[in-house]
There are 2 protein chains.
Amino acid sequence: MKRDSRLSSVLHALLHMAERGEPMTSETLAACMCTNPVVVRRTMGLLRDAGLVASARGPSGGWQIVADLNAVSLRDLYDALGEPTVFAIGNRHEAPQCLVEQAVNAALDDAFADAEALLLDRLGKITLARLSADFNRRHAAHRSRA
Amino acid sequence: MKRDSRLSSVLHALLHMAERGEPMTSETLAACMCTNPVVVRRTMGLLRDAGLVASARGPSGGWQIVADLNAVSLRDLYDALGEPTVFAIGNRHEAPQCLVEQAVNAALDDAFADAEALLLDRLGKITLARLSADFNRRHAAHRSRA
DNA sequence: TTTCATGTAACTTCAAATATTACGAATTAG
DNA sequence: CTAATTCGTAATATTTGAAGTTACATGAAA
């Protein structure tokens, strides 16, 4: 099954944006995210609605981070993206009145709910600032190797 | 995103099979799973490979549970189905050498791995026997209401 | 030996996400 | 003011992977 990599992609874009100070166009971001400018606008538009980035039209326009990197967690990004479905595995809902289906789904729902809670909790504890620091650490290590 | 409901479907089928004692044909199971006989054969074939059910051809043939319901966990079924992808959210892998991507993916991978471990652990603790008992409890409650 | 049921390959259909095209609206520079 | 640039977004096309379907061979039972 194909997986939704928007969270990963958006993080990629945001870290690149954090490195630069100035606005980046949808076109530039699309190139760096291996996708299409329109897709970038749609996705970044969600982050803008959540107050994480700002967009400006016209020459010298583009996208820029406006939030404090320390205050933005991956959970915030997940929420901004519309809380996309976490699991690729789900319940059947063909026969809601079937007692077999009810027993099965009740058991599965519990397990999935707990795992989802754990995941979102973890995402809530990872900030953009930490990822940026992690990137800079890797960058330094990389340069010292060369 | 469309979710893989095979685990739920297969559980549905197995509980129905457990209720009856005798073999059920792919056709019967397909009707009760709202799907196609060939799909049933494909899916149940995986369970047979794992030693959970047996198939027999010819008249009076069909599918039957051969494992002890107390010994089969939902984790076993998950494994038998080929350990399908758990998460609908995944990493980008467009630029493996990009340090930004590495930093992003490392953080995400940790969180997802922990959540997956929790989920599989939970699935490992739920047996078919328990689900069957749960069903019978619901069944009794349902009858006493009527 | 006829009938029933699985085994499986090949092909078709379907759904959902992503990509693309196209053009309008807003902004800046000159 | 005008031309160039960039976002905003609707409409459409493409892609992709799962599920469904057809077709027929294999094997078992009565």
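Keep in mind the model is a prediction, meaning the values are calculated, not measured. Chain A is the first sequence line, chain B the second, and so forth, proteins listed ahead of strands; every chain is numbered from 1.
Only at 4.0 angstrom or more do the heavy atoms of residues 74-96 of chain A sit from any atom of DNA chain C, so none qualifies.
Look at CG on D49(B): it is 13 Å from C1' on dT8(C), rounded to the nearest Å.
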**Request:** Go through V72(A) and I65(A) one step at a time and tell me if the side-chain contact (heavy atoms from CB on, under 4.5 Å) criterion holds.
**Result:** CA-CA 11 Å; V72(A) 181; I65(A) 299 181; over 6 Å; no
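Close approach of DNA chain D to chain B, defined as any atom under 4.0 Å from a non-hydrogen atom of the protein, starts and stops at dG20(D) to dA29(D).
Residue pairs meeting the side chain to side chain donor-acceptor pair (under 3.5 Å) criterion with at least one partner in residues 61-71 of chain B, sequence neighbours excluded, are S26(B)-W63(B). Counting only residues at least two apart or in different chains, salt bridge (Lys or Arg N to Asp or Glu O under 4.0 Å) contacts with residues 82-104 of chain B comprise R92(B)-E101(B). For residues 117-133 of chain A, the salt bridge (Lys or Arg N to Asp or Glu O under 4.0 Å) pairs, not counting sequence neighbours, are D121(A)-K125(A), R122(A)-D114(B). Residue pairs meeting the ring pair (Phe, Tyr, Trp, His ring centres under 6.0 Å) criterion with at least one member in residues 3-47 of chain A, sequence neighbours excluded: H12(A)-H16(A).
With sequence neighbours left out, the side-chain contact (heavy atoms from CB on, under 4.5 Å) criterion links D134(A) to R137(A), R138(A), A103(B). In terms of the side-chain contact (heavy atoms from CB on, under 4.5 Å) criterion, residue partners of R42(A) (sequence neighbours excluded) are, by chain and number, V38(A), V39(A). Residues passing the side-chain hydrogen bond (donor to acceptor under 3.5 Å, both in side chains) test with D49(B): none are found, sequence neighbours excluded.
Alongside L118(A), the hydrophobic cluster contains L118(B) (criterion: ILVMFWY side chains under 4.5 Å).
No more than 12 heavy-atom neighbours from other residues, nucleotides or ligands sit within 6.0 angstrom of CD on E27(B).
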Collect all protein-nucleotide pairs involving nucleotides 15-21 of chain C in which both atoms are nitrogen or oxygen and the distance is under 3.5 Å.
from	atom 1	to	atom 2	distance (Å)
dA17(C)	OP1	M1(B)	N	2.2
dA19(C)	OP2	T35(A)	OG1	2.7
dA19(C)	N7	R42(A)	NH2	3.3
dT20(C)	OP2	N36(A)	ND2	2.8

Can you check nucleotides 1-5 of chain C for protein contacts, nitrogen or oxygen pairs under 3.5 Å, and list what you find?
from	atom 1	to	atom 2	distance (Å)
dA5(C)	O4'	G58(B)	O	3.2

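For the residue pair S5(B)/S8(B), the side-chain donor-acceptor check at 3.5 Å is not satisfied.
We find the CG-CG distance between D76(A) and L123(A) to be 10.0 Å, quoted to the nearest 0.5 Å.
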